[in-house]
Amino acid sequence: MKLHKRSFTGIYRKGKINPVLFLLFLCTHVSAQFGEEIIIGKRYTFHSDILNEERGYLISLPDSYNNAEFSNRRYPLLVILDGNTHFHAITGMAGYMSKGRNPKIPEMIIVAIQSVDRRRDFTPDKVITVRENNTGGGDKFLDFLEKELIPDIDTKYRTDSYRILFGHSLGGLITTHAYLKEETLFNAFIAVDPSFGTWDEEIMDEKLESITSNTFERFLYIATANWGKRNLRNRDRHVRFYESLNSKSEGIFPGKLEYFENENHNSVALMAFYNGILAIFDVKEGGE
């Protein structure tokens, strides 16, 4: 480290170096060189008895969380599936949207679940294939979220009772399945280009027939991407599913389906989050 003569003023006197001042100088100099860390979250491990395994998750707290002025404030909970993929982008977007004089959304506590086995955890139904597979663990995974992890988060952090589930692709499939369940801890759902490949008309109709009025007390946002001819079947299933829900709703259906002409399956996630979270809080603040 090159130290300039001017820097030694007050440190070097009469051929001797004051050790205390010199150490303070070094700490200040090193801090100025390397900067201050910006921490957007922390990673934790949770043992799930339901899944019989350790599960990692990332958590990001709002900027105001540790401010004494807001010590009594409670925050909505956003749960992100495939957290290792989406955590950084969504925490950045949510933070940006909740700042300023006229924030678009409230600050939220964000929990991002790191994936272990997506085919097992994100498929609500057993997929019959020639080779044996471990699909169909979706309900077990949702039990882990709702009976183990979220209650634990609620005891450790100042969450309020409003919870949002975000999932993309297969994560969007299990998000949609959670929306249809008679009982759930979640109030709103963002399903980004959900993979409906196993939901043909017969299976979809069975699921739609089993829903109760509880489903229509929640908000559902579905984003569908443009894959060209390759994804026509999946997109058609999104439209059919949404229109079926709309027809079954006795009042105004609390949901939105949005098609992204210029986005593909991989690029659509962040834009869908932005539009989806806006739609959720527009409805919530409107009292619907």
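Values in this document were obtained by computation on a predicted structure and should not be read as measured data.
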Using residues 92-100 as the side-chain source, report each donor-acceptor pair under 3.5 Å to any protein atom, sequence neighbours left out, with the distance given to one decimal.
residue: Ser98; atom: OG; partner: Ala94; partner atom: O; Å: 3.0
residue: Ser98; atom: OG; partner: Gly95; partner atom: O; Å: 3.1
residue: Lys99; atom: NZ; partner: Asp63; partner atom: OD2; Å: 2.9
residue: Lys99; atom: NZ; partner: Gly95; partner atom: O; Å: 3.3

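- Between the side chains of Asn226 and Asn262, not a single donor N or O lies within less than 3.5 Å of an accepting N or O.
- Within the 4.5 Å cutoff, the side chain of Val111 has no heavy atoms near those of the Leu78 side chain.
- Shown here are the ring-ring contact (aromatic ring centres under 6.0 Å, His included) partners of Tyr44, two or more places apart in sequence or in another chain: Tyr57.
- Here the side chains of Ile280 and Tyr162 are in contact, with some heavy-atom distance below 4.5 Å.
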request  = Give the C-alpha distance, both sets of side-chain angles, the deciding distance and a yes or no for side chain to side chain contact (heavy atoms under 4.5 Å, CB included) between Leu81 and Leu165.
outcome  = CA-CA 8 Å; Leu81 304 183; Leu165 182 61; 4.1 Å; yes
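- Heavy-atom contacts from other residues, nucleotides or ligands closer than 6.0 Å to CZ of Arg43 number more than 12.
- Nearest heavy atoms, Asp49 versus Glu148: N-OE2, 2.9 Å.
- With hydrogens and angles disregarded, no donor-acceptor distance shorter than 3.5 Å links the side chain of Gln114 to the backbone of Leu58.
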Side chain to side chain contact (heavy atoms under 4.5 Å, CB included) between Ile80 and Ile113, worked out = CA-CA 6 Å; Ile80 303 170; Ile113 315 301; over 6 Å; no
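- Note on residues 252-276: no pairs pass salt bridge (Lys or Arg N to Asp or Glu O under 4.0 Å), not counting sequence neighbours.
- By the ring-ring contact (aromatic ring centres under 6.0 Å, His included) test, Phe260 is found to be paired with no residue, residues two or more places apart in sequence or in another chain being considered.
- Qualifying salt bridge (Lys or Arg N to Asp or Glu O under 4.0 Å) partners for Lys147, counting only residues two or more places apart in sequence or in other chains: Asp143.
- Using a 3.5 Å distance cut-off with no hydrogens or angles, the side chains of Asn234 and His265 do not pair a donor with an acceptor.
- Residue Glu54 places its CD atom among more than 12 non-hydrogen atoms of other residues, nucleotides or ligands, all under 6.0 Å distant.
- Using a 4.5 Å heavy-atom threshold, the side chains of Pro106 and Pro76 count as touching.
- No close placement of the Phe189 and Tyr221 rings is indicated, their centers lying 6.0 Å or farther apart.
- Nearest heavy atom pair, residue Gly136 against residue Thr123, reads N-OG1, 2.8 Å.
- Scanning for salt bridge (Lys or Arg N to Asp or Glu O under 4.0 Å) contacts around Glu53 gives Arg55, Arg120, with sequence neighbours left out.
- Applying the side-chain contact (heavy atoms from CB on, under 4.5 Å) test to Glu217 and every residue at least two apart in sequence or in another chain returns Asn214.
- Put simply, the side chain of Glu209 reaches to within 4.5 Å of the side chain of Lys248, judged on heavy atoms.
- In this structure, CG in Asp282 is found 6.0 Å from CG in Leu278, a value given to the nearest 0.5 Å.
- For Arg240, the salt bridge (Lys or Arg N to Asp or Glu O under 4.0 Å) partners are Asp205, not counting sequence neighbours.
- With hydrogens and angles ignored, the 3.5 Å screen pairs no side-chain donor or acceptor of Asn187 with any backbone N or O of Arg218.
- Scanning both residues, Leu208 and Ser244, for their nearest heavy atoms gives CD1-CB, 3.4 Å.
- In this pair, His238 and Phe196 present their aromatic rings perpendicular. The plane angle is above 60°, beyond the 30 to 60° band.
- Residues Ala269 and Val192 approach most closely at CA-CG1, 3.9 Å, considering heavy atoms.
- A distance of 7.5 Å separates CZ of Phe122 from CG of Leu170, quoted to the nearest 0.5 Å.
- In this structure, the side chains of Ser115 and Asp121 stay at 4.5 Å or more apart for every pair of heavy atoms.
- The two residues Lys140 and Ile50 have their closest heavy-atom pair at CE-O, 2.9 Å.
- Using a distance-only test at 3.5 Å, with no hydrogens or angles considered, a donor-acceptor pair links the side chain of Arg237 to the main chain of Gly197.
- A heavy-atom distance below 4.5 Å is found between the side chains of Ile277 and Met108.
- Looking at Leu220 and Pro254, their side chains never come closer than 4.5 Å, going by heavy atoms from C-beta outward.
- Taking the charged nitrogens against the carboxylate oxygens, Lys181 and Asp139 do have a contact shorter than 4.0 Å, which makes a salt bridge.
- In this view, His86 and Phe166, His168 satisfy the ring-ring contact (aromatic ring centres under 6.0 Å, His included) rule, not counting sequence neighbours.
- Remark: the backbone N or O of Leu245 is not paired with any side-chain donor or acceptor of Ser249 at under 3.5 angstrom.
- The closest donor-acceptor contact from the side chain of Thr224 to the backbone of Tyr259 lies at 3.5 Å or more, if one exists at all.
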query = Please walk me through it: do Arg163 and Asp154 pass side chain to side chain contact (heavy atoms under 4.5 Å, CB included)?
reply = CA-CA 11 Å; Arg163 306 180 184 95; Asp154 287 344; 3.0 Å; yes
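- With sequence neighbours excluded, the residues that form a salt bridge (Lys or Arg N to Asp or Glu O under 4.0 Å) with Asp125 are Lys207.
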ask   = Checking side chain to side chain contact (heavy atoms under 4.5 Å, CB included) for the pair Trp199/Phe241: CA distance, chi angles, key distance, verdict?
value = CA-CA 10 Å; Trp199 285 14; Phe241 180 73; 4.1 Å; yes
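- Side-chain atoms of Tyr65 never come within 3.5 Å of backbone atoms of Ser71 as a donor-acceptor pair (strictly under, hydrogens ignored).
- With values rounded to the nearest 0.5 angstrom, Thr198 atom OG1 is found 12.5 Å from Lys126 atom NZ.
- Residue pairs meeting the salt bridge (Lys or Arg N to Asp or Glu O under 4.0 Å) criterion with at least one member in residues 70-96, sequence neighbours excluded: Arg73-Glu107, Asp82-Arg118.
- Taken from CG in Leu77 to CG in Leu185, the straight-line distance is 10.0 Å, to the nearest 0.5 Å.
- Taking each heavy atom of Phe87 and Gly41 in turn, the nearest pair found is CZ-CA, 4.2 Å.
- Under the ring-ring contact (aromatic ring centres under 6.0 Å, His included) criterion, Phe144 pairs with Phe141, sequence neighbours left out.
- Counted within 6.0 Å of CE on Met271, heavy atoms from surrounding residues, nucleotides or ligands total 12 or fewer; the atom is thus considered open.
- Atoms CD1 and CD1, from Ile59 and Ile40 in turn, are 12.5 Å apart once rounded to the nearest 0.5 Å.
- Thr175 contributes no side-chain N or O that, together with a main-chain N or O of Ala191, makes up a donor-acceptor pair within less than 3.5 Å.
- You'll find the side chain of Ile174 reaches within 4.5 Å of the side chain of Pro124, heavy atoms only.
- Judged by distance alone, the side chains of Glu182 and Thr212 never bring a donor and an acceptor atom under 3.5 Å apart.
- Between Tyr157 and Tyr75, the gap from one ring centroid to the other reaches at least 6.0 Å.
- Panel note: side chain Thr184, backbone Phe186; a donor-acceptor pair is recorded below 3.5 Å.
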